[in-house]
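Just so it is clear: chains get the letters A, B, ... in the order the sequence lines come, proteins before strands, and each one is counted from 1. All values below come from the heavy atoms of this structure, side chains included, with hydrogens, waters and symmetry mates left out.
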Amino acid sequence: MNKVYEFKEIEKKWCNFWIEKKIFSAKPDKSKKPFTIVIPPPNITGSLHMGHALNNTLQDILIRFKKLQGFNVLWVPGTDHGGIATQNVVEKLLKKEGKTKYDLGREKFLEKMWQWRNETGDTILNQLKKLGCGLDWDRTAFTMDESRSKAVKKTFIHFFNKGLIYRGKRLVNWCPRCTTALSDIEVEYENEKSNLWYIKYPIKNSNDFIVVATTRPETLLGDSAVAVNPDDERYKNLVGKILILPLVNKEIKVVSDFIIDKNFGTGAVKVTPAHDSTDNEIAKRHNLEIIEIIDSDGKMINVDGKYVGLTVLEARKKIAEELETHFLEKVEPYQHAIGRCYRCSTAIEPIMSHQWFLNVKEMSEKAIDVANEEKTKFYPSSWKKPYILWLENLRDWCISRQIWWGHRIPVFYCIDDKGNKNECPPIASFEEPKECPHCKGKNFTQDEDVLDTWFSSALWPLSVLGWGEDENNESLNYFYPTSTLATGHEILYLWVARMVQFGLELRSDIPYKDIFIHGIVRDKHGKKMSKSLGNVIDPIGVMENFGTDALRFALAQAAAPGRDMQISDESFLAARNFANKIWNASRFIIMNLDAIDSLDDKFCPSELADIWILSEFENSSKKIKSFYETYNIDSAAREIYDFFWTKYCDWYIELSKIRIMSDDIKTKKEVLSILIYILKIFLQLASPIMPFITSEIWQILNNPDCQIIAESHFSNDSLEFFQETALNKMSAIQEIISNIRTLRSEMNISPSVQISALFNILDDKNTSLVKENQDYIKRLAKINSIEFGKNIERPKNSALEVVGGFEIFLPLEGLIDIEKEKLRLTKELSNAKQELERTTVTLQNENFTKRAPQSEIDKIKARQNDAATKIKKINGSLNFLL
RNA sequence: GGGCAGUUAGCUCAGCUGGAAGAGCAAUUCCCUUACAAGGAAUAGGUCGCAGGUUCAAUUCCUGCACUGCUCACCA
């Protein structure tokens, strides 16, 4: 074995092995419990970023852990076609050639899309392989492949026939750049600086006027009323009066509506029903005219000729100028939220448009119920409330998009010979109908729109298990509902909530039992990683520089449930060092193993150190397992690190060397058996997070030919070595050792110099323990001989420490600096005096002694005692030195 | 405006069923000791955001406040 863990070759080897041997392919097996995860399908446009690396590392950890527990695990891979986002990417490529999608036409453009997807769509899946993900690659799915397409059509038809899907002209969020409608959650609001224009609306037959405040003067052209709050005294007399719309000279009414806030602006609001959702609702309540003035390309229409064709911003400028002379009271700078397209950041225009909608009311209620009943549980639970609140306020989902890349809406219209639509009801169907049931017509045209990409995503847990083709297939019946969904919170509404709705509607069952929500990866300054900020850390680069296990460990360790994490090269470096530590500790054991012929499976812990490390390990492994179970992956990683480094390596391996170096083969074998026993289980426990290095060492330890840690199971045998007293005994020894080490260090005794020690027994509580285990002290504190005794006089030129019932003298003839020792002892004396003071005050407090539990009182008493002893001894010693 | 997090050592974060403040990185000192210098030993550094309350005891529980971040929302 190399002195340094060389990860590159080893990682490549295991990646290939897991895939070629199909270690993670899963078949239904009734004799085992399933554990299922479906991957949040990455978009085919993407390559692996830190967010993917985190998300998939966490899933892989769960999968590998459950596999060790004996579950029949399935993790389904796949990618998402990514609707608008992907189309935009290909459109940009076309633009470089100086072309638009219209130059190609729908069919040719789609060919281009498919070609692009076939060339680059698998990039990210290959990167997941490199990350070590235990996915069942034979089940790789794509949201637009045949099976998934069937599922989408089937679902649409189901909703359509149930009357839940309908088409209508409604006010929708429109992206003029993508030229498509968006759903409410696809709009991102950002605060921006703008103005608030105060415009005078003259009252008919009067010299008076009402002033309205608006951020959008250009929409004045589409106003059909001015609204005020019914309780607003200022305007009470004006409700019902007629106003003259400036510039347009049209008559509009003053209406009263509860939604108006008296305290904002002037308390009077212009109502533009065709281009504002609040105004649209007011219009419904007051039966107002809806006047469309903005077109689907974001330009003015349908109004006075001089504005037609202007963009919204041009019109705003022009109208503001025209208002200035007679109608503008004032303009104030104002900051407010502007909706932008989540795919291209263009300002959203609310416009009236024919779209398909899905009524989600009933599904939402069911989705709320399963969360309330904890059939689906959130980890951390704090996400439950936002989830429920969102569902409670949900409006119908606009599911149609005016783009080409996606699932075309499976609705067919009966047409006449000239291609005009007949009056017949549209038909939802898998294929083009043969005959119209209404008019017996034979010609049809399919709806032009495609479905929101999130519509197919909402079906993901069902569709990847073959629901589209067969609702009763074995995989679906066995693996559904899935066990856990692991995802970041940014798609809780876009995706997670909708899968619950669809699962309950289509299969009457939740899609997953647990929802594990992790945070977002940020840079070391807490900033979100983004290309524009240039602070992106490429996970592939990290894998190459530090190793994949290091990347995974760093991510795991940072992944506190529900919290964002800051990560940098330092995190990866620490993780790489840990991997190297595991490597070297194992190397040490394996080297010693090579020197003996065979090892017994069973062993009998004979020494304090053995029982101690086995007890510590039992504690740690219980903790680690329970952390994995409860999605506290960060805690699991920390416990793995702490146990291995500070307990196993720093103490136990060091102590084991006493016996490993011994000539007695039996002694040697015994301690090696324990080292190996712990190492093996430790490797299992660490393998979900660090699968590569643990696989490699496991194989070396067991059998170079065939032993696979990923296919091993946790042993059920409880060896029950645990002894509480061993923990206490060992910590007494450790305390003595570290005190001597400190003493040596402060006296500048070189670590390579062996010295002798005198242990003056002050209290017999630890005498036999320390005598029995004095070799530990000798070894770890570099002491060549210890003399025990009562009433040992302090030798000249020695350093002193009072600890654990002993007065320890280190004779340092020729090594000691008397002044330094005085200084040190004075400091210790002062500490001890403070301690005595504190404990004495506490014990004098009757409230404490009366009410505190006895164990607490005993502890304080013991501390008081120790302090008193220490003071006495140090005082004596100081006098001695003077 | 509503909701949710967070505020602990220079940095990144643990700890919180209430009983003497922890890790990693960075810093300082010493050491290439026969697994590991990607290492070992030791040191220094914190009135645990602020103010109250409950308690014998509060970083930990309660209340209020401040600041930071996220998120939702019809303030034109």
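Dashed line: the shortest gap from a side-chain N or O of A/Lys3 to OP1 or OP2 of B/rA37 is under 4.0 Å. Proximity of A/Lys385 to the phosphate of B/rG3: no side-chain N or O atom is located under 4.0 Å from OP1 or OP2. Listed pair A/Gln557 / B/rG24 fails the phosphate criterion, with no side-chain N or O lying under 4.0 Å from OP1 or OP2. Checking the phosphate oxygens (OP1, OP2) of B/rA76, a side-chain nitrogen or oxygen of A/Tyr334 falls inside 4.0 Å. An OP1 or OP2 oxygen of B/rG40 is reached within less than 4.0 angstrom by a side-chain nitrogen or oxygen of A/Trp645. Contact between the side-chain N/O atoms of A/Asn577 and the OP1/OP2 oxygens of B/rG39 is found at a separation under 4.0 Å.
Among the heavy atoms of the strands lying under 4.0 Å from A/Thr742 are primed sugar atoms or P, OP1, OP2 only; no base atom is included. Among the protein residues, A/Asn393 comes within range of no part of the nucleic acid, since none of its heavy atoms lies under 4.0 Å from any strand. The residue A/Ile260 sits close to a base: some heavy atom pair falls under 4.0 Å. Heavy atoms of A/Asp261 sit under 4.0 angstrom from at least one base atom. Within 4.0 Å of A/Ala579, counting heavy atoms only, lies no atom of the nucleic acid at all.
You'll find a donor-acceptor pair under 3.5 Å spanning the side chain of A/Lys581 and the base of B/rC36, going by distance alone. Remark: the A/Arg863 side chain and the B/rA20 base include a donor-acceptor N/O pair separated by less than 3.5 Å. Judged by atom type and distance alone, A/Lys657 reaches the base of B/rA35 through a side-chain donor-acceptor pair under 3.5 Å. The base of B/rA5 has none of its N or O atoms less than 3.5 Å from a complementary donor or acceptor on the side chain of A/Arg563. With hydrogens and angles ignored, a donor-acceptor pair under 3.5 angstrom links the side chain of A/Glu654 to the base of B/rA35.
In this structure, A/Leu573 and A/Asn263 both approach RNA chain B, and ranking their closest nucleotides by distance from the 5' end singles out A/Leu573.
Proximity of A/Leu573 to A/Asp569: side-chain heavy atoms (C-beta onward) are nowhere separated by under 4.5 Å.
Side-chain atoms of A/Thr840 and A/Gln864 form a donor-acceptor pair, as typed in the model, at a separation below 3.5 Å.
Nucleotide B/rA57: unpaired (no Watson-Crick or G-U wobble partner with both distances less than 3.5 Å). The partner of B/rC50, taking Watson-Crick or G-U wobble pairs whose two distances both stay under 3.5 Å, is B/rG64. Partner assigned to B/rA20 is none, using Watson-Crick or G-U wobble distances below 3.5 angstrom. Nucleotide B/rG10 forms a pair with B/rC25, judged by Watson-Crick or G-U wobble geometry with both contacts under 3.5 Å. Using Watson-Crick or G-U wobble geometry with both donor-acceptor distances under 3.5 Å, B/rG1 finds its partner in B/rC72. Using Watson-Crick or G-U wobble geometry with both donor-acceptor distances under 3.5 Å, B/rG39 finds its partner in B/rC31.
Between A/His518 and A/Phe516, the angle of the ring planes goes over 60°, which puts this pair in the perpendicular group of the 30/60° scheme.
The distance between atom CD1 of A/Ile857 and atom P of B/rA20, rounded to the nearest whole Å, is 14 Å.
Ring-centre distance between A/Trp383 and A/Phe378: not below the 6.0 Å cut-off.
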